[in-house]
Amino acid sequence: INLNELGVEIGSTAYPKIIFKAASALEEILKCNGYPFAKISGQEVIADQEEKTISVNFFVNSGPRAKFGEINITGNHRTRRRYFNKKLFW
């Protein structure tokens, strides 16, 4: 997972909102990659005032990896397939 996927850019101001969104993005990426019960269990933010940098560590409980076979949806005539694909990402 790269920083761009988390909405983080090196050198930008580290507002709490950006850190929160990065944690949410990380959780969502894990869910989309086979970990439907992934949760961010904590975080550690270390600020170095002299260097004017911060370091953020997220603690992740990924849970078990889930594997499913092919998914077939029948009887649907009103909802676009894209909606189901978004909901059934893992």
Margin query: Using the side chain to side chain donor-acceptor pair (under 3.5 Å) criterion, which residues pair with E51? Sequence neighbours excluded.
Written below: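 Checked E51 against side chain to side chain donor-acceptor pair (under 3.5 Å); zero matches.
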
Item checked: Heavy-atom closest pair, residues A38 and E27 ->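 That closest heavy-atom pairing would be O-CG, 3.4 Å.
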
Next item on the list: Might you point out which heavy atoms bring P64 and P36 nearest each other, and give the distance in Å?
Entry: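 Heavy atoms only, the tightest pair is O-CD, 4.1 Å.
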
Hey, quick one: are [X] and [Y] part of the same hydrophobic cluster, counting side-chain heavy atoms closer than 4.5 Å, chains of contacts allowed?
X	Y	answer
I19	I29	yes
F59	L26	no
F58	V45	yes

Starting at [atom1] of [X], measure out to [atom2] of [Y] and round the result to the nearest 0.5 Å.
X	Y	atom1	atom2	result
T53	I46	OG1	CD1	10.0 Å
T13	I54	OG1	CD1	10.0 Å
L3	S12	CG	OG	9.5 Å
I40	F20	CD1	CZ	10.5 Å

Next item on the list: Test V8 against every option in L6, I10, N4 by the side-chain contact (heavy atoms from CB on, under 4.5 Å) rule and name the one that passes.
Entry: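 Among L6, I10, N4, the one meeting side-chain contact (heavy atoms from CB on, under 4.5 Å) with V8 is L6.
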
Check: Taking side chain as C-beta onward, heavy atoms only, is N76 less than 4.5 Å from F84?
Finding: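 Side-chain contact under 4.5 Å: yes.
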
Item checked: Step-by-step side-chain contact (heavy atoms from CB on, under 4.5 Å) determination, K39 to V60 -> CA-CA 6 Å; K39 294 283 182 204; V60 179; over 6 Å; no

